[in-house]
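Scroll down for the structure; my scribbles are underneath it.
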Number of protein chains: 2
Amino acid sequence: MSQPSTQMEQFRSWLAERGLKVTRQREAIAEVFFGSGGHLSLEELLELAKEQQPSVGYATVYRTMKILAESGLASEHKFAEGNVRYEPSVEGEHHDHLICVTCGKILEYEDERVERLQEEVARKHGLRVVSHRHEIYGECVRPACPDRPPGRHANGD
Amino acid sequence: MSQPSTQMEQFRSWLAERGLKVTRQREAIAEVFFGSGGHLSLEELLELAKEQQPSVGYATVYRTMKILAESGLASEHKFAEGNVRYEPSVEGEHHDHLICVTCGKILEYEDERVERLQEEVARKHGLRVVSHRHEIYGECVRPACPDRPPGRHANGD
DNA sequence: GTCCGTGCAAAACCTTTGCACGAGA
DNA sequence: TCTCGTGCAAAGGTTTTGCACGGAC
């Protein structure tokens, strides 16, 4: 129940239920997506997918990720840098992000107290919470997340 | 000491200190910016600035807002919708946002408890907080923020 | 007078879409 | 077979920049 293949099966089922087709491209893209740590941009997904299916094009990655998002198996997230990133999502689960400004690494966390506080804040302002976005940007202070240069671009500016 | 003109004076000083010029355009843009409630897009700022200085162009608004951001008098904020919005910022002050998904209105709030919690979360993960972004999206449940359709586009899709 | 600033328009960047061919069911 | 999916390339939308003229100091 915790194997990555389960997500693939869910994806295939979801496609089948809607009369959509399971293609090599969709499988390649979904596989690299579920197999990765998440938080990948379309470009990164394209690169990875190409390793399995060199013929994959950007548009297909784009459309497949939209489908995955629609199916609930992926969630889109627009970080401060700008472009959209995707991460696998599990029904009912939620997390926010902690981004290391030193190495660019994205961590996840979940804190119910923050969730509760924002409910309260929203109520105070006459709103009912629909969704939220909470990102903490920080600097690594431990060797656990060392001085690795940002891995977003392979070019050393 | 709490008049909007103070911000204008700060802006003029900041320009002068760096050998930059105080132009009609920069003044017009800064005035409408400080005079507004904030959270304006470049396009909105352009429209407002044009009322004072019809000759103002988009590029100048763009560049002036970059300058204001650099000076610390404005802060850029990229909400989920995509484009960048600017809001006046006061040194040392901080707030987060509450966005009404019904009418598009953007409210501000400040909650020290949330700030403290995120410090704690970051520490737990070995990071020192540099900045953060917290946006709560919600639906109006009070007449205070009524059923006005989104004012982002004047076209009614 | 000098240099910075401006406006226009084009470039850059990412996302989204149209179209004709190819593949899955 | 028949429809859906794909890849290419072009369109869209926003941000960013180059250039020649005009204005601030």
Side-chain angles (χ1 to χ4, degrees), chain A residues 8 11-30 32 39-47 49-50 52-71 74 76-86 152-153 155 157, chain B residues 8 11-30 32 39-47 49-50 52-71 74-86 152-155 157:
Chain A
M8 282 306 294
F11 182 44
R12 290 196 194 96
S13 303
W14 192 89
L15 289 172
E17 283 164 20
R18 316 219 344 167
L20 302 177
K21 292 166 184 171
V22 177
T23 63
R24 291 175 167 287
Q25 291 92 335
R26 285 180 178 166
E27 290 202 306
I29 294 163
V32 298
H39 311 117
L40 298 173
S41 66
L42 288 173
E43 213 179 321
E44 288 163 349
L45 284 162
L46 175 63
E47 287 315 306
K50 274 187 164 171
Q52 297 202 11
Q53 282 291 320
S55 66
V56 170
Y58 188 93
T60 299
V61 176
Y62 168 78
R63 288 185 276 228
T64 300
M65 294 316 296
K66 286 288 181 205
I67 288 177
L68 277 165
E70 203 185 325
S71 76
E76 300 185 310
H77 199 95
K78 215 171 213 162
F79 290 97
E81 2 136 0
N83 56 355
V84 176
R85 288 179 176 274
Y86 289 87
R152 297 164 211 168
H153 296 105
N155 100 48
D157 171 359
Chain B
M8 282 305 296
F11 182 42
R12 290 197 195 94
S13 302
W14 193 89
L15 289 172
E17 282 164 21
R18 316 217 345 164
L20 302 177
K21 291 166 187 173
V22 177
T23 63
R24 295 176 164 284
Q25 290 92 336
R26 285 181 178 165
E27 289 202 308
I29 295 163
V32 300
H39 312 117
L40 298 172
S41 66
L42 288 172
E43 213 179 321
E44 288 162 348
L45 284 162
L46 175 62
E47 288 315 307
K50 273 188 167 172
Q52 296 201 13
Q53 282 291 320
S55 65
V56 170
Y58 188 92
T60 300
V61 175
Y62 167 77
R63 288 184 275 227
T64 300
M65 294 315 296
K66 285 288 182 203
I67 288 177
L68 278 164
E70 203 185 325
S71 76
S75 62
E76 301 185 309
H77 200 96
K78 215 171 214 161
F79 292 97
E81 3 136 0
N83 55 356
V84 176
R85 289 179 176 275
Y86 288 87
R152 296 165 214 167
H153 294 105
N155 98 48
D157 171 352

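Below, chains carry the letters A, B, ... as their sequence lines are ordered, and counting in each starts from 1.
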Under the salt bridge (Lys or Arg N to Asp or Glu O under 4.0 Å) rule, collect the residues that match up with B:R24, sequence neighbours excluded.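 Counting only residues at least two positions away or on another chain, B:R24 forms no salt bridge (Lys or Arg N to Asp or Glu O under 4.0 Å).
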
A:E43: partners by salt bridge (Lys or Arg N to Asp or Glu O under 4.0 Å), with sequence neighbours left out: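 Once residues adjacent in sequence are excluded, A:E43 has no partner under the salt bridge (Lys or Arg N to Asp or Glu O under 4.0 Å) criterion.
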
Sequence-distant partners of [X], side chain to side chain contact (heavy atoms under 4.5 Å, CB included), two or more places apart:
X	value
A:V84	A:E76, A:K78, A:Y86
A:A59	A:R63
A:A49	A:I29, A:V32, A:V56
B:S75	B:E87, B:S89

For B:F79, all residues meeting ring-ring contact (aromatic ring centres under 6.0 Å, His included), sequence neighbours excluded: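 Counting only residues at least two positions away or on another chain, B:F79 forms a ring-ring contact (aromatic ring centres under 6.0 Å, His included) with B:H77, B:H97.
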
Nearest whole Å is fine: how far is [N] [atom2] from [X] [atom1]?
X	N	atom1	atom2	value
B:L15	C:dT6	CG	C1'	15 Å
B:I67	C:dT6	CD1	C1'	12 Å
B:Q53	D:dG22	CD	P	17 Å
B:E81	D:dT15	CD	P	10 Å
B:F79	D:dT15	CZ	P	14 Å
A:L46	C:dC14	CG	P	13 Å
A:E27	D:dT6	CD	P	11 Å

Please enumerate all residues that pass side chain to side chain donor-acceptor pair (under 3.5 Å) together with B:Q53, with sequence neighbours excluded.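 Expected list: none.
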
With sequence neighbours excluded, tell me which residues meet side chain to side chain donor-acceptor pair (under 3.5 Å) with A:E47.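 By the side chain to side chain donor-acceptor pair (under 3.5 Å) rule, A:E47 matches no residue at all.
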
What string of B, S and - do you get for nucleotides 15-21 of chain C 5' to 3' if you count protein non-hydrogen atoms under 4.0 Å? BBBB---

Would you tabulate the pairs of protein nitrogen or oxygen atoms and nucleotide nitrogen or oxygen atoms of nucleotides 23-25 of chain D closer than 3.5 angstrom?
{"unit_1": "D:dG23", "atom_1": "N2", "unit_2": "B:K21", "atom_2": "NZ", "d": "3.1"}
{"unit_1": "D:dA24", "atom_1": "N3", "unit_2": "B:K21", "atom_2": "NZ", "d": "3.4"}
{"unit_1": "D:dC25", "atom_1": "OP1", "unit_2": "B:V22", "atom_2": "N", "d": "3.4"}

Please round to 10 degrees the angle between the axis of the first five pairs and the axis of the last five pairs in the helix from C:dG1-D:dC25 to C:dA25-D:dT1.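 The end axes of the helix from C:dG1-D:dC25 to C:dA25-D:dT1 are about 30° apart, to the nearest 10°.
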
Looking at A:R12 and A:E17, is there a salt bridge between them, counting it only when a charged N and a carboxylate O are closer than 4.0 Å?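 No salt bridge links A:E17 with A:R12.
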
Is the distance from OP1 or OP2 of D:dT6 to the nearest side-chain N or O of A:S55 less than 4.0 Å?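 No, no such contact exists.
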
Which atom names give the shortest non-hydrogen contact between B:L46 and B:Y58, and what distance separates them?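 It is CD1-N, 3.8 Å.
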
